[in-house]
Number of protein chains: 2
Amino acid sequence: MATANDKEPPVGLVIVTHGGSGECLLAAAEGLVGPLAASAAVSVALNDPFDEIVRRVGQACDSVDAGAGLLILADVHGSSPFRACLSMLDGTRAVEIVCGINLPMLIKLATVDRRGQRPVEVAEIIKEVGKRSIRLGSELTGKLGVPREERH
Amino acid sequence: MATANDKEPPVGLVIVTHGGSGECLLAAAEGLVGPLAASAAVSVALNDPFDEIVRRVGQACDSVDAGAGLLILADVHGSSPFRACLSMLDGTRAVEIVCGINLPMLIKLATVDRRGQRPVEVAEIIKEVGKRSIRLGSELTGKLGVPREERH
């Protein structure tokens, strides 16, 4: 783990989603665990022109990047919002993208120290937290959700 | 794979989230790939009483279960909404829960046939799709998001 310095800026966080789920996820994480510093959400509508999406994602990136680079969380890869995120990899700053955003990633981001780390290092942590958070209720509880008559 | 019969009902789908992200995710998936049959979303506010959450989740479950049981997607395990989902495992019907909901899961659910399968079978598919969808931009594109001056 890199040593964090209070004076170093945190890696900025930009969330890009189809519709308003990014803003909802950010609000939910902040309600559960407290504020996420240097974060912004961009909601994309299905028929937003691509140039407009790129402009808004770029604006969000500028608003949260204080020199430590950016982590961008996207909801799904391969769509216009994701391609707009890719266009941020233009060599002007350090950026990593994580696709498949879910709430446990944001809860982790509220507690992990984003100072003194590179975006790709934060991204690797968040990717693993996101993957590990996807579990079946029966794995977590040992309770099988089957009707009584099928139990034996 | 079980044989689907047009006359069999699909496994019902209930999405339970902190705040409105579930509704947003459902709308986003439907906008991208078309309607999700037999689905409902429950938004939970931070100070909703637990009994009230259970009542609303139960109501959503009743509204989409036509006899094939239920898949419940929750945003994170361990919180009140998740405990409300667990209370649906009461032995009255087949239920499986997947935690860590993300958009790729719902996109998959719009295309997978939920008829002729048990909830746990659909849940296993969705869990794997969700985990696989969480990837770094650099893995997907081979593009490293580092500033030009750091490339060598």
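So that the names make sense, note that chain A is the first sequence line, chain B the second, and so on, each numbered from 1.
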If I measure from the heavy atoms of chain B, does [X] come under 4.5 Å with its side chain, its backbone, both, or neither?
X        : result
A:Thr141 : side chain
A:Met88  : neither
A:Ala27  : neither
A:Leu86  : both
A:Glu23  : neither
A:Leu70  : neither

State, to 0.1 Å, how close [X] and [Y] come at their nearest heavy-atom pair, and which atoms those are.
X        : Y        : answer
B:Cys24  : A:Cys24  : SG-SG, 3.8 Å
A:Leu46  : B:Gly31  : CD1-O, 3.2 Å
B:Gly100 : A:Ile134 : O-CG1, 3.7 Å

Kindly compute the distance separating [atom1] ([X]) from [atom2] ([Y]), expressed to the nearest 0.5 Å.
X        : Y       : atom1 : atom2 : answer
B:Ile101 : A:Ser21 : CD1   : OG    : 9.5 Å
B:Leu103 : A:His18 : CG    : NE2   : 7.0 Å
B:Arg132 : A:Cys99 : CZ    : SG    : 14.0 Å
A:Asp75  : B:Leu32 : CG    : CG    : 8.0 Å

Is the closest side-chain heavy-atom distance between [X] and [Y] below 4.5 Å?
X        : Y        : answer
A:Leu136 : B:Ile97  : no
B:His77  : A:Ser133 : no
B:Arg135 : A:Val98  : no

- Item | Within 6.0 angstrom of B:Arg56 CZ, more than 12 heavy atoms from elsewhere | yes

- Relative to chain A, which of B:Leu140, B:Leu25, B:Val120, B:Ile72 shows the most heavy atom pairs under 4.5 Å?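 The answer is B:Leu140.
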
- Does any N or O in the side chain of B:Glu96 come within less than 3.5 Å of the main-chain N or O of A:Ser138, such that one atom is a donor and the other an acceptor?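 Yes, because the side chain of B:Glu96 sits within donor-acceptor range (under 3.5 Å) of the backbone of A:Ser138.
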
